There are 2 protein chains.
Amino acid sequence: MALYGERGYDETTVAEIAERAGLTKRTFFRYFTDKREVLFWNSDLLEQQMVAAIEAAPTSAPPLDLIGAALDAAAVRFEESREFAGLRHRIVASSPELQERELIKARSMATAMTRALCARGAGDTAAALTALMCTTVMHVAFEQWVDDPDRTPFQQLAKDALAQLRELTAAG
Amino acid sequence: MALYGERGYDETTVAEIAERAGLTKRTFFRYFTDKREVLFWNSDLLEQQMVAAIEAAPTSAPPLDLIGAALDAAAVRFEESREFAGLRHRIVASSPELQERELIKARSMATAMTRALCARGAGDTAAALTALMCTTVMHVAFEQWVDDPDRTPFQQLAKDALAQLRELTAAG
DNA sequence: CGAGTGATGTCACCTGGTGCCATCACCATA
DNA sequence: TATGGTGATGGCACCAGGTGACATCACTCG
């Protein structure tokens, strides 16, 4: 992460990372499957927590509330490390391959939530749509949250974005 | 594409593709920036057509109608080559790196539509949410459409998915 | 003390991807 | 016809990401 920040992602070689860490290139690849994966070390944890939030919600909760619960869970993790998230986000934004990786992580999150929603009795299509809307709102809110000079809480931004999404689909 | 279908994407080397095409590895990379890009040859065309559909819609149209117009444009292109889309989809589904590429293409589509929506006077957040909902519905409908034994038209599936999304956000 | 086990190093190797220069076909113009 | 320019291709060397196979070393357990 330090090296990525100092010299840029593309300009950093795995050999250099390994050297800085006092290891070998080979050993690096035993810990990380990828050069990219370093930036997504804890992503599955976030996924698990959002899924758990959905599973823990009351059975009668409508889809939008489930999304809200998952976003609240995400908010907790995000607020834990705002400046780190900012650095990480800037690095990811600098490289297309990292954005690709970020997108597939989001997709993985969505499919996990889809499974959880199906397990709660939602139809396949409804579950998929709901989960994807959740990642959509998360993405939009995250873009506003990171590097926000006012340091507005993520939870607030996510709530607003969700409300706006509701308006958009209701109007007309 | 033939080689990807025969031997699988991962097992196919660029040198083999070039040889089959009567070219050199070097020449291949002058036409395609990537080994992956072969599968996404016409993706920018689809993007342009969906953007054009949004721009061509009446000024008074609500967001959901704009999404509908863009999806109709996509439907036209999809129906042109159903079996090809099926093969292509199967190949993409077989490889994570191809899925990553597909996701970033969808994202690029979304940002292009976001720009178009902003140009029509939509707010930044509203535009982003609308565009992402469009790609979401497109994805869900596409998954149902491809390899569907009943050969239901894409337009129908997209319309249904969009209606279901509306229900999901309205309920509660 | 010796065997087994897990983490690391070492090396060879493959493949995707790029820079650089040579070559060749084609085309316009004198 | 000869000449020179231009665009597409080939050839080559090279780098970086990534993997497999084997050696080594530390640590633990009996």
Side-chain angles (χ1 to χ4, degrees), chain A residues 1-45 47 84 87-109, chain B residues 1-45 47 84 87-109:
Chain A
M1 280 288 304
L3 278 174
Y4 286 166
E6 292 170 19
R7 336 191 359 165
Y9 172 80
D10 281 329
E11 288 68 32
T12 306
T13 183
V14 175
E16 293 169 348
I17 302 175
E19 186 189 9
R20 170 80 63 109
L23 293 173
T24 326
K25 185 180 131 188
R26 193 65 187 87
T27 308
F28 173 89
F29 284 115
R30 276 191 260 259
Y31 282 87
F32 303 98
T33 61
D34 254 0
K35 186 187 171 189
R36 314 159 195 68
E37 206 64 15
V38 183
L39 277 298
F40 304 91
W41 185 238
N42 48 358
S43 70
D44 38 353
L45 212 62
E47 177 176 316
F84 176 80
L87 170 60
R88 184 186 154 284
H89 182 254
R90 239 168 297 130
I91 297 174
V92 171
S94 76
S95 155
E97 17 177 325
L98 291 175
Q99 295 174 41
E100 288 185 339
R101 184 55 54 89
E102 179 133 289
L103 287 169
I104 211 174
K105 294 291 184 186
R107 176 71 92 202
S108 156
M109 228 177 275
Chain B
M1 282 289 305
L3 277 175
Y4 286 165
E6 292 170 18
R7 336 191 1 165
Y9 172 80
D10 281 329
E11 288 69 33
T12 305
T13 185
V14 176
E16 294 170 348
I17 302 175
E19 188 188 10
R20 170 80 64 108
L23 293 174
T24 325
K25 187 181 133 189
R26 193 64 188 86
T27 308
F28 173 89
F29 283 115
R30 276 193 261 260
Y31 282 88
F32 303 98
T33 62
D34 255 0
K35 186 185 170 190
R36 313 159 197 67
E37 207 63 16
V38 183
L39 277 297
F40 304 91
W41 185 237
N42 47 359
S43 69
D44 38 352
L45 212 61
E47 178 177 313
F84 175 80
L87 169 61
R88 184 185 154 287
H89 183 253
R90 240 169 295 130
I91 297 174
V92 170
S94 76
S95 157
E97 19 177 324
L98 290 176
Q99 295 172 43
E100 288 186 339
R101 185 55 55 90
E102 180 132 289
L103 288 170
I104 211 175
K105 294 291 184 184
R107 177 70 91 199
S108 155
M109 228 177 278

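Chain A is the first sequence line, chain B the second, and so forth, proteins listed ahead of strands; every chain is numbered from 1. The structure presented is a predicted model; accordingly, all values stated were derived computationally and were not measured.
Between A/Asp10 atom CG and D/dC15 atom C1' the separation is 14 Å, expressed in whole Å. Rounding to whole angstrom units, CD of residue B/Glu37 and C1' of C/dT18 are separated by 17 Å. For A/Phe29 and C/dA7, the CZ to P distance is 19 Å, given to the nearest whole Å. If you take NZ of B/Lys25 and C1' of D/dC12, they are 10 Å apart, rounded to a whole angstrom. Straight-line distance from the CD atom of B/Glu16 to the P atom of C/dC14: 14 Å, rounded to whole Å. Regarding B/Glu11, its CD atom lies at a distance of 15 Å from the C1' atom of C/dG16, rounded to whole Å. The separation between B/Leu23 atom CG and D/dG11 atom C1' is 14 Å, rounded to whole Å. The distance between atom CG of A/Asp34 and atom C1' of D/dG17, rounded to the nearest whole Å, is 9 Å.
A donor N or O paired with an acceptor N or O is not found under 3.5 Å between the base of D/dG18 and the side-chain atoms of A/Lys35. Between the side chain of B/Arg30 and the base of C/dG17, no donor-acceptor pair under 3.5 Å is found.
Summarising the local packing, CD of A/Glu19 is surrounded by 12 or fewer heavy atoms from other residues, nucleotides or ligands at distances under 6.0 Å.
Taking side-chain N and O atoms only, B/Thr27 has no distance below 4.0 Å to OP1 or OP2 of D/dT9. In terms of phosphate contacts, B/Thr13 brings a side-chain nitrogen or oxygen within less than 4.0 Å of OP1 or OP2 of C/dG16. Proximity of A/Tyr31 to the phosphate of C/dA7: no side-chain N or O atom is located under 4.0 Å from OP1 or OP2. Look at A/Arg36 and you'll find a side-chain N or O under 4.0 angstrom from OP1 or OP2 of D/dG18.
Both tests pass for A/Lys35 against the ring of A/Tyr9: distance under 6.0 Å to the centre and angle within 45° of the axis.
Of the charged side-chain nitrogens involved, none lies within less than 4.0 Å of a carboxylate oxygen, so that A/Arg36 and A/Glu100 do not count as a salt-bridged pair. Between A/Glu102 and B/Arg107, none of the side-chain N atoms (NZ, or NE/NH1/NH2) sits under 4.0 Å from a carboxylate O, so this pair counts as no salt bridge.
Within 4.0 Å (heavy atoms only), A/Phe28 reaches no atom of the nucleic acid at all.
Relative to the side chain of B/Arg26, the nucleotides D/dG18, D/dG20, C/dT18 differ in distance, and C/dT18 lies closest.
Residues B/Glu47 and B/Ser108 come closest through the heavy atom pair OE1-OG, 2.8 Å.
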